[in-house]
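A short write-up of the structure that comes next.
The figures that follow rest on heavy atoms only: side chains count, while hydrogens, waters and symmetry mates do not. All values derive from a computational prediction rather than experimental measurement.
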Amino acid sequence: MQKEFTYPEPANLAADRLGEKMIVNIGPSHPATHGVLRMKLELDGDLITRADPIIGQLHRGQEKVAENLTYNQFIPFSDRLDYLAPMCNNIAYALCVEKIAGIEITERCKAIRVICCELSRIASHLVGLAAYGMDAGSWTVFMYCFTQREKLLTLFEQLTGARMTSSYARIGGLARDIPDGWLGNVNAFANQFLPALDEIDALITRNKIFVDRAAGIGVVSAEMAMQWGLTGANLRGSGVASDLRKDVPYLGYENYDFDIPIGVKGDCYDRWLVRIEEMRQSIRIVRQAIEKMPDGAVNVADPRICLPKKDKVLRDMEDLINNFVLTTQGPDIPEGEAYFEAENPKGALGFYVMSKGGGVPYRVKIRAPSFVSLAAMQELLPGHHMSDMAVILGSFDFVLGECDR
């Protein structure tokens, strides 16, 4: 006998559904979530009650790749970590290996590396702010930022031969010295960039729509930032004046005069302001590096570490053999281990490298700042509305290349 079904009254139906939650997947579609990131959200209406960032769509096993290549062969792979600031990754990895080997690079190499790191920081921040502005509804800011970034990529191409995947650093130095006239081009870029940055700043920083969407949203207290291990601009936006270039100086950063911008409230708006000011400070550092640029070699004079000059390889049998050994077996790094962190645009990029001697690392572990930033979304996003999620993600300026590594 078929059971008779009775429909509930509309009032009872509404009562039954009160508090009912829904699972929504955002992504993994680039650039909506700034890379192939899947955000699994639990919603009560449009209020986020739970957030699970899910990564893994880009995983390439970078650490195991590093353990099967010579030290210099891994440098092109490090380009693909934070692919918006490849030279910063190259240099951080080289500094870690040099720490194991006790290699003291030349003063000219240090100055050139500083310029590369700071120009890469500007290029990365420009992409981050462009995407962030577009997330908040400003297409114009995106175009302004990318116009300046294109000029930087042209400078990188002049220096390294590539616009993004530069592979410029080497253990003990650099792939090559700077070309004639390049420092003048960098100085010319700096002169026109600061007025352009002021224009970008004026265009959106006081815009009411942007302020309403960013101010008071995604607040990260100093305590929360440190508990989650946030670094870089995301930590400084919460009022913590922590910068590895000041706290643990490397590449001679202790000889440069620059300030550390910090936020007050730790919200999305503060993180925008911090990155804007960081670009001004980077230009300040670049100008000092140009003024102090030393003469001399860019590579250490150690045949076990650096390749001989090409003209010597073509004329001298000993240099030819040395070139062959370094290319096929890698630089001779003594047994030991080291951990090194660099102040990358996304935060503290750390490399742990263990050597058992020879030209191939035994173990490599990468501490990716974007991975840590994404983890904090579990605590940060709940309590916000669905429309706030894009602004919060944009304000953290992460990149999936180093999350999945």
Side-chain angles (χ1 to χ4, degrees), residues 82-89 91 111-134 136 138-160 162-164 166 168 178-207 210 232-233 236-237 243 245 251 253 256-262 270-293 343-346 394-395 397 399:
D82 177 5
Y83 42 75
L84 301 175
M87 283 191 281
C88 292
N89 309 329
I91 291 167
I112 296 172
R113 284 184 177 185
V114 165
I115 293 175
C116 291
C117 286
E118 296 308 317
L119 291 181
S120 295
R121 188 182 316 279
I122 295 171
S124 177
H125 280 353
L126 284 171
V127 176
L129 294 178
Y132 181 19
M134 194 164 60
S138 176
W139 171 252
T140 309
V141 155
F142 184 93
M143 300 305 294
Y144 274 53
C145 288
F146 263 67
T147 297
Q148 294 301 315
R149 179 174 178 261
E150 283 298 307
K151 296 175 183 179
L152 278 171
L153 293 185
T154 299
L155 289 175
F156 297 156
E157 187 177 17
Q158 293 169 358
L159 177 64
T160 71
R163 294 169 69 79
M164 287 186 66
S166 52
Y168 184 52
I178 53 177
D180 293 339
W182 189 74
L183 291 179
N185 295 340
V186 172
N187 202 42
F189 167 81
N191 291 337
Q192 64 83 42
F193 176 70
L194 288 179
L197 182 59
D198 291 340
E199 195 169 0
I200 294 169
D201 191 3
L203 187 65
I204 194 170
T205 302
R206 300 293 179 266
N207 181 282
F210 178 75
R236 292 188 285 273
D243 190 312
R245 296 171 296 174
L251 293 178
Y253 270 110
Y256 294 91
D257 182 26
F258 64 100
D259 300 320
I260 304 175
I262 60 172
D270 273 354
R271 289 189 281 276
W272 167 276
L273 295 176
V274 165
R275 289 189 174 90
I276 286 283
E277 184 57 33
E278 279 193 3
M279 289 192 283
R280 293 191 176 100
Q281 297 303 318
S282 290
I283 289 293
R284 189 174 166 189
I285 294 170
V286 166
R287 283 175 166 167
Q288 293 174 60
I290 292 174
E291 291 173 4
K292 300 176 181 178
M293 181 60 66
E343 188 65 45
N344 261 34
K346 302 292 187 288
S395 74
D397 187 25
V399 64

(request) Check the pair E150, R163 against salt bridge (charged side-chain N to carboxylate O under 4.0 Å, His left out), reporting the backbone distance first and the verdict last. (result) CA-CA 9 Å; E150 283 298 307; R163 294 169 69 79; 2.5 Å; yes
(request) Drop me the distance from L183's CG to I115's CD1, to the nearest 0.5 angstrom. (result) 5.5 Å
(message) Ignoring hydrogens, what is the shortest heavy-atom contact between R271 and S395? Give both atom names and the distance.
(response) NE-OG, 3.1 Å
(request) Looking only at non-hydrogen atoms, find the nearest pair between P345 and H125 and report the distance. (result) O-CE1, 3.5 Å
(request) Output the distance between atom CZ (R245) and atom CD1 (I285), rounded to the nearest 0.5 Å. (result) 4.5 Å
(message) Any donor-acceptor pair under 3.5 Å linking the side-chain atoms of Q281 with those of Y256?
(response) no
(request) Let me see the working for F156 and Y168 under side chain to side chain contact (heavy atoms under 4.5 Å, CB included), right down to the final yes or no. (result) CA-CA 10 Å; F156 297 156; Y168 184 52; over 6 Å; no
(message) To the closest 0.5 Å, what do you measure between CD1 (I204) and OH (Y132)?
(response) 8.0 Å
(message) Would you compute the distance between atom OG1 of T147 and atom CG of L152 and round it to the nearest 0.5 angstrom?
(response) 11.5 Å
(request) With the side chain counted from C-beta on, respond yes when L84 and K346 share a heavy-atom pair under 4.5 Å apart, and no when they do not. (result) yes
(message) Any heavy-atom pair between the side chains of I200 and C145 that's under 4.5 Å?
(response) yes
(request) Run the salt-bridge test on R236 and E343 with the 4.0 Å N-O cut-off and return the result as yes or no. (result) yes
(request) Would you mind reporting whether D82 and C88 have side-chain heavy atoms less than 4.5 Å apart? (result) no
(request) Answer yes or no: is there a side-chain heavy-atom contact under 4.5 Å between R149 and I122? (result) no
(request) Taking the side chain as every heavy atom from C-beta outward, state whether E277 and I262 have any atom pair closer than 4.5 Å. (result) no
(message) Does F210 have more than 12 heavy atoms from other residues, nucleotides or ligands lying within 6.0 Å of its CZ?
(response) yes
(request) Look up atom CG in D201 and atom CE in M279, then write down how far apart they are to the nearest 0.5 Å. (result) 8.5 Å
(request) Look at the side chain of Q288 and the backbone N and O of D257, then say whether any donor-acceptor pair between them is shorter than 3.5 Å. (result) yes
(message) Rounded at 0.5 Å granularity, tell me how far CG in N185 sits from OG1 in T154.
(response) 10.0 Å
(request) Indicate the atoms forming the closest heavy-atom contact of D397 with G128, along with that distance. (result) OD1-CA, 3.4 Å
(request) Over all heavy atoms of both residues, which pair between V274 and A233 is shortest? Give the atoms and the distance, please. (result) CG1-CB, 3.9 Å
(message) So that I can tick it off, tell me whether E278 and R275 are bridged by a salt bridge, with the cut-off set at under 4.0 angstrom between side-chain N and carboxylate O.
(response) no
(request) Check the pair F193, S282 against side chain to side chain contact (heavy atoms under 4.5 Å, CB included), reporting the backbone distance first and the verdict last. (result) CA-CA 11 Å; F193 176 70; S282 290; over 6 Å; no
(message) Quick one: does any side-chain atom of S166 pair with a main-chain N or O of A162 as donor and acceptor, under 3.5 Å?
(response) no
(request) Before giving the answer on side chain to side chain contact (heavy atoms under 4.5 Å, CB included), spell out for I91 and L251 the whole-Å C-alpha distance, their side-chain angles and the decisive distance to 0.1 Å. (result) CA-CA 10 Å; I91 291 167; L251 293 178; 4.0 Å; yes
(message) Less than 4.0 angstrom from a charged side-chain N to a carboxylate O is my criterion; do D259 and R284 meet it?
(response) yes
(request) Please assess I283 against L197 for the test side chain to side chain contact (heavy atoms under 4.5 Å, CB included), listing each intermediate value before the final yes or no. (result) CA-CA 11 Å; I283 289 293; L197 182 59; over 6 Å; no
(request) Looking only at non-hydrogen atoms, find the nearest pair between A131 and F142 and report the distance. (result) N-CD1, 4.2 Å
(message) Looking at W272 and L129, would you say the former's side chain and the latter's main chain have a donor-acceptor pair under 3.5 Å?
(response) no
(message) Using a strict threshold of under 4.0 Å (side-chain N to carboxylate O), is an ion pair present between R280 and D198?
(response) yes
